[in-house]
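Presented below is the structure to which this report refers.
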Amino acid sequence: MERIDTEILVAGGGIAGLAATARFAAAGIDVVCVDPAPAGAPGADQRTTAFLEPAVATLDRAGAWAAMAPGAAALWTMRLVDAGGKVRQVRETADFEAREVMDRPFGWNVPNIAIREALLGRLERLAGARLLCGESVTGVVSRSAEALARLSGGAQVRARLVVAADGRDSSLRAAAGIGVKRWHYGQKALVFAVTHPEPHQGVSTEIHRTGGPLTLVPMPDRAGRPCSSVVWMAPGPRATALSALDDAALGAELTAETMGLFGPLEVVGPRALWPIIGQLAARLDGPRLALVAEAAHVIPPIGAQGLNMSLADIETLTRLVQEAREKGRDIGAPDLLASYQRRRWPEMASRVAGIDLLNRAAQAEARPVRDIRRVGLKAIHDIRPLRRLAMRWGLGVR
Ligand SMILES: Cc1cc2nc3c(=O)[nH]c(=O)nc-3n(C[C@H](O)[C@H](O)[C@H](O)COP(=O)(O)OP(=O)(O)OC[C@H]3O[C@@H](n4cnc5c(N)ncnc54)[C@H](O)[C@@H]3O)c2cc1C
């Protein structure tokens with residue numbers, strides 16, 4: 001039986017698992033990443049990810065940001081639009097400007113396919129990183145000094161620490177007996193790209209009416225036309241019906257729903273439907289095990305938080321591991337993992353609760369709730385300390 005020795009085993013090569021592998025290896029740590037997708041499988045994820053400043057810093061430390069930057073669109077302004085009245089019209093607009101809290105954009109929007117390519121390219125050049133494609137982790141036995149993981153192909157990996165980046169249905173989480181709370185919103189998100197005559201000027205726009213937020217996030221121009229990625233959250237049946245429309249009809253629906261803010265919108269490229277759930281693991285640590293990314297938390301796509309939280313998990317864990325290594329300590333020891341739990345779980349839980357509240361407010365059908373939402377938005381925007389606090393919370397910085 002083949003036996004592979006490493007310091008860290010990352011189970012899962014989604015964007016989070018690949019980013020974790022690059023970040024660990026760039027810090028000089030020996031790491032193996034295992035994912036069932038065959039080698040060279042083309043990326044098919046039609047989503048884009050808005051990386052906020054702290055996440056960009058982590059990707060930069062991983063040495064992966066330089067390859068993503070040329071295809072990224074800068075986000076200078078977060079615009080929230082309330083249109084929750086009887087008639088479809090703008091009732092309130094609140095702009096949150098990056099320049100008020102920093103001298104850089106809030107973040108950058110990058111297509112997931114490009115993120116994946118950049119991370120894979122980086123891993124090829126990182127001496128300490130090994131990617132095992134077409135394999136999954138089928139079981140882990142933890143011992144006092146190491147963890148032994150079985151792979152589907154029959155090999156065994158011996159590691160000090162196992163990082164579960166195996167997604168929302170994490171089998172490593174379940175095998176470790178870590179509970180999870182999952183809830184449903186009855187929504188789906190329709191994801192696609194549009195071009196428009198009006199330039200977006202680096203403004204990410206989130207429109208709240210009923211049923212869920214509709215977000216247009218800047219992308220680089222396409223064929224000389226301003227372009228944005230769309231995440232349209234709506235009750236499941238409505239989202240499914242929208243996704244069945246042809247491009248012209250979907251473009252017309254979106255033009256009406258965006259109240260002409262961008263001019264007539266033209267759908268470009270393929271689309272995808274994502275079910276929307278919320279989920280939080282009861283804890284992040286098990287014997288020689290750390291949960292990261294969607295294995296730990298899943299939230300609706302509001303305020304670009306999901307993968308940004310995942311990169312914060314990865315950054316925190318990398319620093320703890322680096323510190324332990326420098327002191328010659330065990331990188332899978334219970335106290336290190338308890339420290340990871342203490343540093344990440346409370347922040348994660350409050351962010352999951354915050355996004356849950358925002359989504360429920362955005363879903364609201366009842367008039368009084370929609371009015372409270374509008375007044376709340378206006379207050380947060382007009383009261384300077386609240387506005388700055390909201391921006392810092394959104395960015396994930398203190
Ligand atoms: C519509 C939408 C828009 C979004 N937009 C944003 C955004 O703008 N900004 C943001 O920060 N976040 C965003 N998110 C969230 C973000 O896309 C997700 O957090 C992220 O894609 C999840 O990545 P992951 O690597 O954790 O999970 P996954 O992509 O699910 O990866 C898990 C991987 O583990 C593998 N795996 C499973 N079991 C095993 C096993 N036993 N052994 C080995 N491998 C295994 C799977 O095959 C898979 O490849 C959005 C989400 C949605 C739905």
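In each ligand, atom 1 is the first atom listed, and ligand 1 is the first ligand listed.
- Environment of CZ in R225: crowded, with over 12 heavy atoms of neighbouring residues, nucleotides or ligands closer than 6.0 Å.
- Within a 4.0 Å radius of atom 14 (N) of ligand 1, the protein contributes no heavy atom.
- A salt bridge links R360 with D356: the closest approach of a Lys/Arg side-chain nitrogen to an acidic carboxylate oxygen falls below 4.0 angstrom.
- Residue A37 does not touch ligand 1, judged by heavy-atom distances below 4.0 Å.
- When side chains are defined from C-beta on, E206 does not count as touching V81, because their heavy atoms never get closer than 4.5 Å.
- At a 4.0 Å cut-off, at least one heavy atom of S171 sits close enough to ligand 1 to count as contact.
- Looking at R88 and E257, a side-chain N of the basic residue comes within less than 4.0 Å of a carboxylate O on the acidic one, giving a salt bridge.
- Residue-level proximity to ligand 1 for M309 is absent, since no heavy atom of it falls below 4.0 angstrom.
- Listed by number with element, the atoms of ligand 1 under 4.0 Å from a non-hydrogen atom of V191 are 1 (C).
- Note: no N/O pair closer than 3.5 Å links V231 and ligand 1 by distance alone.
- Looking at G167 next to ligand 1, no N or O pair under 3.5 Å apart turns up.
- Heavy-atom distances between V298 and ligand 1 stay at or above 4.0 Å for every pair.
- Geometrically, ligand 1 and N308 share a nitrogen or oxygen pair separated by less than 3.5 Å.
- By the 6.0 Å and 45° rule, R99 stacks over the aromatic ring of W76.
- In terms of polar-atom proximity, R47 is counted as a contact of ligand 1, with an N or O under 3.5 Å from an N or O of the ligand.
- Remark: minimum distance from atom 48 (C) of ligand 1 to any protein heavy atom is reached at D35 OD1, 3.5 Å.
- Here is the list of ligand 1 atoms found below 4.0 Å of a heavy atom in I15: 25 (O).
- Contact annotation: for E294 versus ligand 1, heavy atoms closer than 4.0 Å belong to both the backbone and the side chain.
- Residue V137 has at least one N or O atom closer than 3.5 Å to an N or O atom of ligand 1.
- Here the closest heavy-atom approach between residue L75 and residue P218 is recorded as CD2-CD, 3.4 Å.
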